[in-house]
A.B. asks: 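First, the structure itself, so that you have it in front of you.
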Protein chains: 2
Amino acid sequence: MGRPKTWDRSEVLRRATRLFWEKGFEGTHLQELVRVAGINRFALYKEFGGKEGLFEESLRNYMKDMEVLTSLLAREPLGLANIRAMFRATDAYDFHHGCFVLNTVREKHVVGAGAWSATRKFVEGGEAAFRRNVEAAVVRGELPPATDAEGLARFLVALDIGLITYGVAAPEGTDRGRALEVLDRFLDGLSGGRR
Amino acid sequence: MGRPKTWDRSEVLRRATRLFWEKGFEGTHLQELVRVAGINRFALYKEFGGKEGLFEESLRNYMKDMEVLTSLLAREPLGLANIRAMFRATDAYDFHHGCFVLNTVREKHVVGAGAWSATRKFVEGGEAAFRRNVEAAVVRGELPPATDAEGLARFLVALDIGLITYGVAAPEGTDRGRALEVLDRFLDGLSGGRR
DNA sequence: CTTTTTTCTGAACGATTGTTCTAAAAAAGC
DNA sequence: GCTTTTTTAGAACAATCGTTCAGAAAAAAG
């Protein structure tokens, strides 16, 4: 009963995510938001609790989408192959507007506490996932026993983050493939003919 | 003759740079800007041409400051030692608010064309500087002749960018030193006992 | 049809944005 | 003292921000 809604919740979320991803929290204005997302102001406040509520839900929606990538680090058996797959997939993914999570980190002075702690957990989770694969690689003999798992994990996270960010800052169409080959040879070198 | 100014140009620029660096172009409001920078609105428009003018000059001021780092890649003789020094210095520098240039890249939808092209040139310049040192390292025998200089240069730029960005996103006080040691061993591995 | 319920449209709200402008203030020259 | 010149402080500006709300609109129930 009652007048039917003219919008679909998941579709609104999808479009809002894209917009916040591109322009950030402050850079996204309500006028454009309601136009692009296809929802009216009234419903936006009733359904999402305003701009900040929609932003936070968009951020979590983005993190869910990222499971396409992060799940690659959870595949059994853990090891070097997962790490290689992760970098290849990251390179193939469309990060034209950078990483939404990292972008949000840079707006900590303006986004709510919920969004801020979510970004923190996301980054920590990424580092932990890398570390688990490094540790497994050591156990499986793909990496030498003396490997500093935490140091290597941080190195890999930083590189992953850097490749994404570099893709935005570098001239359009710059090929990251050759940088990835360097990484591959690096991992080859670490395993040192073990496998 | 006339009433004396109550502000110093370079000091205003220094403080504006810090503020824009931290909060970005959109996130920095005139009210706070004039208060922190110690200049009045009228003079800000007469001297810098408004918010956008001051922003662009702040960005260039930041790039000048970065010469403390970028000059490390120009030291003769070019080679691996420069690259190692660059990463050590980057790690030691205070990038608590990330890199101003990279932050600006993420605001391309709102900053002027001048600022935008300046960021592009800065990143390209960084990559070129890395590449020159890689090429020199090959000539000097520090790296094998088959080295893909451009690929390695991109790899290093991405890593450098990533370490800065990771430092902002990771929990406060996270030690990047061990990630740097991984890089050092990586470079050792590349040179393969040549030097 | 009328009533009820829910949503939509569009206007209005106060607050804040970047910018402009006016009048007072502070120096120097005479 | 009185001008002249330059800068300052702060008001005023239109525009826009995020938010709220009242009335019209669109469905279902009786």
A.B. asks: Is any NZ, NE, NH1 or NH2 atom of the basic residue among A:E181 and A:R185 found under 4.0 Å from an Asp or Glu carboxylate oxygen of the other?
C.D. replies: yes

A.B. asks: Searching all strands shown, indicate the nucleotide that pairs with D:dG30 (Watson-Crick or G-U wobble; both distances under 3.5 Å).
C.D. replies: C:dC1

A.B. asks: Using a 6.0 Å cut-off, check whether atom CZ of B:R9 has over 12 heavy atoms from anything other than its own residue.
C.D. replies: yes

A.B. asks: May I have the distance from A:R3 (atom CZ) to D:dA26 (atom P), rounded to whole angstrom?
C.D. replies: 6 Å

A.B. asks: Once salt bridge (charged side-chain N to carboxylate O under 4.0 Å, His left out) is applied, what residue pairs with a partner in residues 85-112 of chain B remain, sequence neighbours excluded?
C.D. replies: B:D91-B:R176

A.B. asks: Salt bridge check: are A:E124 and A:K121 linked by an N-O gap of less than 4.0 Å?
C.D. replies: no

A.B. asks: Would you kindly give the CZ-to-P distance between B:R35 and D:dA9, to the nearest whole Å?
C.D. replies: 14 Å

A.B. asks: Are A:E135 and A:R131 ion-paired here, with the side-chain N under 4.0 Å from a carboxylate O?
C.D. replies: yes

A.B. asks: Figure out the CG/P separation between B:N40 and C:dA26, and round it to whole Å.
C.D. replies: 14 Å

A.B. asks: Using the ring centroid of each side chain, check whether A:F100 and A:F55 are separated by less than 6.0 Å.
C.D. replies: yes

A.B. asks: Is it true that A:R60 and A:E56 make a salt bridge, defined as a side-chain N closer than 4.0 Å to a carboxylate O?
C.D. replies: yes

A.B. asks: Please tabulate the protein-to-nucleotide N/O contacts below 3.5 Å involving nucleotides 13-23 of chain C, giving atom names and distances.
C.D. replies:
from: C:dT17; atom 1: OP2; to: B:Q31; atom 2: OE1; distance (Å): 3.4
from: C:dG18; atom 1: OP1; to: B:T28; atom 2: O; distance (Å): 3.3
from: C:dG18; atom 1: OP1; to: B:K51; atom 2: NZ; distance (Å): 2.8
from: C:dG18; atom 1: OP2; to: B:L30; atom 2: N; distance (Å): 2.7
from: C:dT19; atom 1: OP2; to: B:Y45; atom 2: OH; distance (Å): 2.1
from: C:dT19; atom 1: OP2; to: B:K51; atom 2: N; distance (Å): 3.3
from: C:dT19; atom 1: O5'; to: B:Y45; atom 2: OH; distance (Å): 2.6
from: C:dT19; atom 1: O4; to: B:R41; atom 2: NE; distance (Å): 3.0
from: C:dT19; atom 1: O4; to: B:R41; atom 2: NH2; distance (Å): 3.3

A.B. asks: Starting from A:L190, can I reach B:V182 by hopping between I/L/V/M/F/W/Y residues whose side chains sit under 4.5 Å apart?
C.D. replies: yes

A.B. asks: Whole angstroms only, please: what is the CZ-C1' distance between A:F55 and D:dG18?
C.D. replies: 16 Å

A.B. asks: Quick check on contacts: within residues 5-20 of chain A, what sits under 4.0 Å from DNA chain C by heavy-atom distance?
C.D. replies: A:K5, A:T6, A:W7

